[in-house]
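See structure below.
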Amino acid sequence: MSSEAPQVCIIGGGPAGLSAALWLHNLGLRVVVLEQAVQAGGMQHLNFLANDWVLGQPGLTGPELAKRFVAHVAEHAAIRLCCGCVPTRIARARHGGFQVGLSDGEMLECAAILLATGTRYRAEETVAQVGGFAACRERFAFGPHTFRDLDRIAGQRVLIIGGGDNAFENARFLLARGCHVTLAVRSALRAQRAMRLAVEAEPGCRILCPARLRDVVTGSGEIIATLATAEGQALVDAYDRVHVLAGYQPNTSFLHECVELECLQSLIFDAAGYLKADAACRTGCPGFYAAGDVCNVAHPCVVTALAAGAQAARSIELDLRTI
Ligand SMILES: Cc1cc2nc3c(=O)[nH]c(=O)nc-3n(C[C@H](O)[C@H](O)[C@H](O)COP(=O)(O)OP(=O)(O)OC[C@H]3O[C@@H](n4cnc5c(N)ncnc54)[C@H](O)[C@@H]3O)c2cc1C
């Protein structure tokens, strides 16, 4: 590859960022990927179950799939993958393109930036206001960690907070292991129809909607939880564990600290913080692109992230032809 080829800086080494890296490399551009974690691969490292949604990769767990993505990119020595590294400053360069300051002190010059930082699961902040939470912390699990070691908790009484696909999937796995499950849903049931029907049909399951976790206390080896229901009633029951599945939020807040004002003002975020990008992955800031879950509220998954990475690479290559 020519050292004269324009360089693209990808922020985030999950499926979207790695897919874009491969495509950009194959299209003849120089690529550097910045990944904040010690290993690339993204959120699939937290998917402890088989991911049967990726064509041609049946039976692989999330971490196995992530390793394959990383290994494929690693076959190309020209793709520079910097783990444990985040951008600390992004500014317009004098000749166009960008200057990117890195957490290790290096200053990169690049012709384009692709944001592929994905999302993160909501954790303790969602129950911080629940009375008594701090004293019961060890009986709570959050997000992906509610799917860990499920056989170990077979037969237990589990309170699930959440009403989306993840909450219902968690219920399904627990019910299959003889657990007694209560789902407390704050506003509306948002899970896929098939998943909801499967869970609702199970005798060991109770669904309360709307219901809000008000307070918790530890009893003798159990947790006593009070749920506030629609009628203003308080429902008090004993559980062994509480699983919180309160959705995801985009990793975009760091941009407000490190992107210089001129660029930041042309980036558009929705109310939840997702960065807006068009179907070709272009944002409001010329030369700044976005792909994957960080800008995809509608259908975040591995396959859409891989496809968006490829699309972003194509758009970048087209736009850089003129420089
Ligand atoms: C438990 C769980 C199970 C799932 N199961 C499935 C499934 O079965 N099938 C399916 O298709 N999808 C599944 N998903 C969703 C899938 O993992 C995501 O849709 C996909 O990983 C999105 O890819 P991405 O590259 O957009 O983002 P991510 O995978 O989130 O990758 C983003 C990367 O950016 C990095 N990053 C963040 N901020 C910065 C920063 N400031 N600087 C540098 N790097 C940064 C992160 O560390 C991360 O590595 C699951 C997700 C979870 C959590």
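The structure displayed is predicted, hence computed values, not measured ones. Counting convention: from 1, in listed order, for ligands and their atoms alike.
Applying the ring pair (Phe, Tyr, Trp, His ring centres under 6.0 Å) rule to pairs touching residues 118-140 yields Y121-H145, F133-F140, sequence neighbours excluded. Screening residues 282-306 for ring pair (Phe, Tyr, Trp, His ring centres under 6.0 Å) gives no qualifying pairs among residues at least two apart or on separate chains. For residues 266-280, the set of pairs meeting the side chain to side chain donor-acceptor pair (under 3.5 Å) definition, not counting sequence neighbours, is empty.
Looking only at side-chain heavy atoms (C-beta outward), N47 and T61 stay at 4.5 Å or farther from each other.
A donor-acceptor contact under 3.5 angstrom links the side chains of Q99 and E109, judged on distance only.
Within 4.0 Å of ligand 1, the residues that place a heavy atom are I11, G12, G13, G14, P15, A16, L34, E35, Q36, G42, M43, Q44, L46, N47, N51, W53, C85, V86, P87, A116, T117, G118, T119, P144, Y248, N251, F254, G292, D293, P300, C301, V302, A305, listed by chain and number.
Residue R137 places its CZ atom among more than 12 non-hydrogen atoms of other residues, nucleotides or ligands, all under 6.0 Å distant.
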